[in-house]
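Notes for the one structure printed next.
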Amino acid sequence: MCSLPVPREPLRRVAVTGGTHGNEMSGVCLAQHWLRAPGELQRPSFSAMPVLANPAATAACRRYMDRDLNRTFTNTFLTARAHPDDPYEVTRARELNQLLGPMASGGAFDFVLDLHNTTANMGTCLIVDTAHNVFAMHLYRHLQMLSPELPCRVILYKLPKEESGSLNSVAKNGMALELGPQPQGVLRADLFTRMRALVAAALDFIQLFNQGTAFPAFEMEAYRVLRGMDFPRTEAGDLAGTVHPQLQDRDFEPLRPGAPIFQMFSGEDVLYEGESTVYPVFINEAGYYDKGIAFLQTEKLTFSVPALSMLAPAPTPGP
Amino acid sequence: MTSCHVFEDPIKKVAIFGGTHGNELTGVFLVKHWLENGAEIQRTGIEVKPFITNPRAVKNCTRYIDCDLNRVFDPENLGKKMSEDLPYEVRRAQEINHLFGPKDSEDSCDVIFDLHNTTSNMGCTLILEDSRNDFLIQMFHYIQTSLAPLPCYVYLIDHPSLKYATTRSIAKYPVGIEVGPQPQGILRADILNQMRKIIKHALDFIYNFNKGKEFPPCTIEVYKIMEKVDYPRNENGEITAIIHPDLQDQDWKPLHPGDPVFITLDGETIPLGGDWTVYPVFINEAAYYEKKEAFAKTTKLTLTAKRLCSSLH
């Protein structure tokens, strides 16, 4: 297994970003609050920097102005020559790459935690590229142990051979924190409080790591994204139906072949015709309608995560 | 005793509006579906027209392009000289008034149903503009009875300063239909099925009325708007407190003086002032942040309608 390199040094340059999507209000409001009063983000070994990632979309209370910022941190966009007609988010991605990156360089931030909301009934989830990110898996474990009564789930989002394009990919390490359900443009106190507590706990974890705490190996489950599933559509490309009531709000529950997934406007049901059980996530997420995604199919994986400690000797590479 | 009767002409022209707010998707997709296949909304003797009111906002999946279409059907905006410089929604309002009005004229549409969604936990809600409209009180009573045990609330916006100039107000009988909670930009099957049932029962009522069915006197409970409440804000206009978790999702339920209303970012609870119990609605509606409305206070009233029958029978 090709694990991401475990940090050898304390993580000192940490950022918490909100408003990457301008209508996901928990992160927007927290970032704006911390920009005025950053004390909450300080720990003995570091101070996390709050960033409002997409100020124009935030002001307009939209997901984005010209294109999805969280799909724009790719090599192609970041290295292309700047042009006055560039989409707003391409320009902004380059600015953030300067601030928090440059991507894949020694000068990049150590860790970026990017705050999101979903309209799907996903509770608390962490979105990480791959299971090889040992540091992220231990951070997950820490958050889950703090509040065992509320499930926290991990989604492995990166499809093989695809660049993630996510904001947190500009840093050496990072993840997205996704809380739902919350409508776009609405701030719910329950999710706001939860996100604030989770960010505090994540920063506490980094502090523990920085001061040399060792974290033992453990087993965990995660949901790996396989593919998207589009809505049924008319010939003109319009929706011809919507998520079936029996699937709505059932994120992370098993979806078996033959179960209803869509209800057509004409009344009939569309059944899931896959050959194996999958675990749908992002069911009926508002931000995915224009991406042609009614939900994402995932598979549930179980794997072991090695122990983590900054002071542990590096595994000796072969001669 | 005939003095207790209200005789009304049969209903000939009905319109169903969707997409007055382009990101409230239930009405958008029901209307689009009925434009393709309208059998479900046809009733003998009645012309029922489904219609997308704000196609540009629908295309962009935003509430509006330049201004809120559901606030510009006042004489001033409808009377403005048509020009490319007018906001898109004002131009569109004039077109709609031409097609389905003119407002306050003999030619206007008899009934307009305007389909909306809210992010608030309001369930099925019918919006009444005039407390003395016996025909609509009878219709709402019929819908409530038909939907039971599913609750269906009536929001009365008859108020000297808080009533607004709605798209449906060009009809003789304007009906707002608001179903929630549903986030903007998504379509939930449960909400869609509820709205579809409301329209079915409403059309059945009109059909029965036209056929000569008599509706005995009835009463309905309504929630009348009293006041809009804004979020606490700082000097820059930024929100400094949000809806308290105890109030979130508690639309239509009594809120007493001293009950928590907001919670500040520092964790301080702000209670309801005043001396009266109120019934809050539109709690934490996404579109009302910019309208400076965290929720609306209502008071509960009972309205009575006289016996109703069609004048042809």
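Every chain is numbered from 1, with letters handed out A, B, ... down the list of sequences.
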When rounded to the nearest 0.5 angstrom, what distance separates NZ in B:Lys32 from OG1 in A:Thr234? 8.0 Å

For chain B, find its close neighbours in residues 281-292 of chain A: heavy-atom separation under 4.5 Å, sorted by number, or none. A:Asn284, A:Glu285, A:Ala286, A:Tyr289

Heavy-atom proximity to chain A below 4.5 Å, by part of B:Ile243: backbone

Would you say that A:Asn23 contacts B:Gln184 through its side chain, given a criterion of any heavy-atom pair below 4.5 Å between the two side chains? no

Under a 4.5 Å heavy-atom cut-off, does chain A meet the side chain of B:Asn284, its backbone, both or neither? both

Counting only heavy atoms from other residues, nucleotides and ligands, does the tally under 6.0 Å from NZ of B:Lys228 exceed 12? yes

CD/A:Gln248 to CD1/B:Ile191 distance, rounded to the nearest 0.5 angstrom? 9.5 Å

With a 4.5 angstrom heavy-atom cut-off, which part of B:Arg196 approaches chain A: side chain, backbone, both or neither? side chain

What part of A:Arg62 is in contact with chain B, defined as an atom under 4.5 angstrom from a non-hydrogen atom: side chain, backbone, both or neither? neither

Indicate yes or no: at least one non-hydrogen side-chain atom of B:His33 is less than 4.5 angstrom from one of A:Asp238. no

Would you mind checking which part of B:Leu187 comes under 4.5 Å of any heavy atom in chain A, side chain (CB onward), backbone (N, CA, C, O), both or neither? both

Let's test your reading of the structure: which of A:Ser266, A:Cys61, A:Cys29 forms the most heavy-atom pairs below 4.5 Å with chain B? A:Ser266

With a 4.5 angstrom heavy-atom cut-off, which part of B:Leu247 approaches chain A: side chain, backbone, both or neither? neither

Where on B:Glu238 is there a heavy atom nearer than 4.5 Å to chain A: the side chain, the backbone, both, or neither? side chain

Would B:Asp266 and A:His33 satisfy side-chain contact (heavy atoms from CB on, under 4.5 Å), going step by step from the backbone distance to the final call? CA-CA 10 Å; B:Asp266 300 320; A:His33 176 66; 4.3 Å; yes

Neighbourhood of chain B inside residues 184-195 of chain A, taking heavy atoms under 4.5 Å as contact: A:Gln184, A:Gly185, A:Val186, A:Leu187, A:Arg188, A:Ala189, A:Phe192

Among B:Ile186, B:Thr119, B:Asn117, which one satisfies side-chain contact (heavy atoms from CB on, under 4.5 Å) with A:Pro183? B:Thr119

At what distance, to the nearest 0.5 angstrom, does CD of A:Glu40 lie from CG of B:Leu265? 9.5 Å

Heavy-atom distance under 4.5 Å between the side chains of B:Leu192 and A:Phe265, does that happen here? yes

Measuring heavy-atom distances to chain A, does B:Asn193 have an atom under 4.5 Å in its side chain, in its backbone, in both, or in neither? side chain

Checked A:Arg36, A:Gln182, A:Gln32 vs chain B; the most non-hydrogen pairs under 4.5 Å come from A:Arg36

Over 12 non-hydrogen atoms of neighbours within 6.0 angstrom of CD in A:Glu253: yes

Would you find more than 12 non-hydrogen atoms of other residues, nucleotides or ligands less than 6.0 Å from A:Glu149 atom CD? yes

Distance from A:Thr242 atom OG1 to B:Leu25 atom CG, nearest 0.5 Å? 9.0 Å

